[in-house]
Trainee: 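Dropping a structure here in structure tokens format, bear with me for questions.
Model, not experiment: these values are computed from the prediction.
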Amino acid sequence: LLPGDVGKILSIDKDTSICLVKSIKTDKILRYHEYLLEPINPRPRPGDSVMLTEHYKQFGDAAEGPLVRKEIGILMKDDESDKPFLVSACDKSFWYKEGAIQKVIENNQNWFEEVSVEEEEDDKSGGCVIQ
């Protein structure tokens, strides 16, 4: 990957901080140190439009909340707890865990909608851009 290229993090070795990254353009799987990667979806802030991530079901009871995949809610509060995100959608509010929601990128073109990658069921990682 070259600076600015987008990839999908498949796994991160917590001991070495080495990431396996699949290139969006070429489908090649490469290794990078975590410090070389920059997330493309920053932590949402109160007032941001948010939506469920691709793997939201892996984060607690997120499937029980009012958000439905690819629909948008508003982040009302972030208290940095175990379930930090209070989201309002469909006239209801619900607390989501980190990893269950993501900030909506301009024009609702979030990285996961452009990627068709078969992944392990326990993958809780996100996309990245090479710095």
Trainee: Between C19 and I9, which heavy-atom pair has the shortest distance, and what is it?
Mentor: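 That closest heavy-atom pairing would be CB-CG2, 4.5 Å.
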Trainee: Rounded to the nearest 0.5 Å, what's the gap from OG1 on T26 to CD1 on I29? Could you check?
Mentor: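 Output value for this atom pair is 9.5 Å.
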Trainee: Which distance, rounded to the nearest 0.5 Å, do you find between the CD of E54 and the CG of L52?
Mentor: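 Separation between the atoms: 11.5 Å.
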Trainee: Please find the pair of heavy atoms, one from T16 and one from H33, that lie closest to each other, and give the distance.
Mentor: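 Taking every non-hydrogen atom into account, O-NE2, 3.5 Å.
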Trainee: Where do S88 and M76 come nearest, in terms of heavy atoms and distance?
Mentor: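 Distance-wise, the nearest heavy atoms are CB-CG, 3.6 Å.
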Trainee: For residues L30 and I18: do they belong to one hydrophobic cluster (side chain heavy atoms under 4.5 Å, members Ile, Leu, Val, Met, Phe, Trp, Tyr)?
Mentor: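 Hydrophobic grouping puts L30 apart from I18.
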Trainee: Quick one: side chain to side chain donor-acceptor pair (under 3.5 Å) pairs with a partner in residues 72-83, sequence neighbours left out?
Mentor: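 Those involving residues 72-83 are R43-D78, D61-K83, D79-S81.
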Trainee: Find the distance between OG (S23) and NZ (K28) and round it off to the nearest 0.5 Å.
Mentor: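 Here the interatomic distance stands at 8.5 Å.
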Trainee: Please confirm whether the backbone N or O of G99 pairs with a side-chain atom of T53, one donor and one acceptor, at under 3.5 Å?
Mentor: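 Answer holds: yes.
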Trainee: Calculate, to the nearest 0.5 Å, the distance between atoms OG and NZ belonging to S11 and K22 respectively.
Mentor: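 Going from the OG atom of S11 to the NZ atom of K22 covers 12.5 Å.
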Trainee: Can you give me the closest heavy-atom contact between Y96 and I101, atom names plus distance?
Mentor: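 Heavy-atom minimum between the residues: CG-CG2, 3.8 Å.
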Trainee: Heavy atoms, side chains only, cut-off 4.5 Å: are L67 and Y56 in contact?
Mentor: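 Not in contact.
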Trainee: Heavy atoms, side chains only, cut-off 4.5 Å: are V50 and Q102 in contact?
Mentor: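 No, every pair of side-chain atoms sits at 4.5 Å or beyond.
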Trainee: Mind listing the closest non-hydrogen atom pair of P66 and A89 along with its distance?
Mentor: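 Shortest heavy-atom separation between P66 and A89 comes out as CB-O, 3.5 Å.
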Trainee: Let me know which of L86, V104, V87 forms a side chain to side chain contact (heavy atoms under 4.5 Å, CB included) with L75.
Mentor: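 Option passing the side chain to side chain contact (heavy atoms under 4.5 Å, CB included) with L75: V87.
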Trainee: Please give me the minimum heavy-atom distance between A63 and K57, naming the atom from each residue.
Mentor: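 Scanning both residues completely, I find the closest heavy atoms to be CB-CG, 4.3 Å.
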Trainee: So do S49 and I74 actually touch side chain to side chain, heavy atoms under 4.5 Å?
Mentor: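 Of all side-chain heavy-atom pairs linking S49 with I74, at least one is under 4.5 Å.
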